[in-house]
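Accompanying notes for the structure given below.
Quantities reported herein were computed from a predicted structural model and do not represent experimental measurements.
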Amino acid sequence: KEIAEAKADAKDASQKLDAKADDAGITIGVNAELAKDPTLSALRINVDTNNGHVALSGSAPDAIARDRATQLAQSVKGVLSVDNRLEIRR
């Protein structure tokens with residue numbers, strides 16, 4: 001019985017590590033997409049990922065760029081949702 005519990009605990013820990021690795025990969029992917037866009041700067045946009053849910057915070061130059069950031073984040077494999085908290089600052 002203890003062996004079965006230990007195996008279940010190890011599997012759970014492994015899944016949590018996989019999720020964290022996936023989140024890190026998603027964050028890297030979103031930052032890369034933002035960096036490619038001439039109107040967006042990945043340096044001004046903070047990307048946080050938790051279980052495939054991406055939160056963008058920071059600033060964007062206008063509403064079009066803000067919406068573009070959402071589209072770019074959604075295009076990254078593994079992204080389940082995007083919470084765009086970017087503030088428009090000129």
Identify every side-chain donor-acceptor pair in residues 73-80 under 3.5 Å, counting partners at least two apart or on other chains, and give the distances.
| from | atom 1 | to | atom 2 | distance (Å) |
| --- | --- | --- | --- | --- |
| Ser75 | OG | Leu72 | O | 2.6 |

Does a donor on one side chain sit under 3.5 Å from an acceptor on the other, for Asn50 and Asp48?
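Judged by distance alone, the side chains do not pair up.
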Main chain of [Y], side chain of [X]: is a donor-acceptor contact present, judged purely on distance under 3.5 Å?
{"X": "Arg89", "Y": "Ser59", "value": "no"}
{"X": "Asp23", "Y": "Asn51", "value": "yes"}
{"X": "Arg66", "Y": "Asn84", "value": "yes"}

Step through the shown structure and confirm whether more than 12 heavy atoms of other residues, nucleotides or ligands are within 6.0 Å of CD1 on Ile88.
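Enclosed: over 12 neighbouring heavy atoms sit under 6.0 Å from CD1 of Ile88.
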Minimum heavy-atom distance Ile45-Asn31, with the two atoms named
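Smallest heavy-atom distance, with atoms named: O-OD1, 4.2 Å.
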Kindly compute the distance separating [atom1] ([X]) from [atom2] ([Y]), expressed to the nearest 0.5 Å.
{"X": "Arg68", "Y": "Leu40", "atom1": "CZ", "atom2": "CG", "value": "7.5 Å"}
{"X": "Thr70", "Y": "Leu86", "atom1": "OG1", "atom2": "CG", "value": "7.0 Å"}
{"X": "Ile26", "Y": "His53", "atom1": "CD1", "atom2": "NE2", "value": "9.5 Å"}
{"X": "Asp22", "Y": "Thr49", "atom1": "CG", "atom2": "OG1", "value": "10.5 Å"}
{"X": "Ile28", "Y": "Glu33", "atom1": "CD1", "atom2": "CD", "value": "13.0 Å"}

Are the side chains of Arg44 and Pro61 in touch, meaning some heavy atoms are under 4.5 Å apart?
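Sidechains of Pro61 and Arg44: in contact.
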Taking side chain as C-beta onward, heavy atoms only, is Val47 less than 4.5 Å from Val54?
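Counting from C-beta outward, Val47 and Val54 do come under 4.5 Å.
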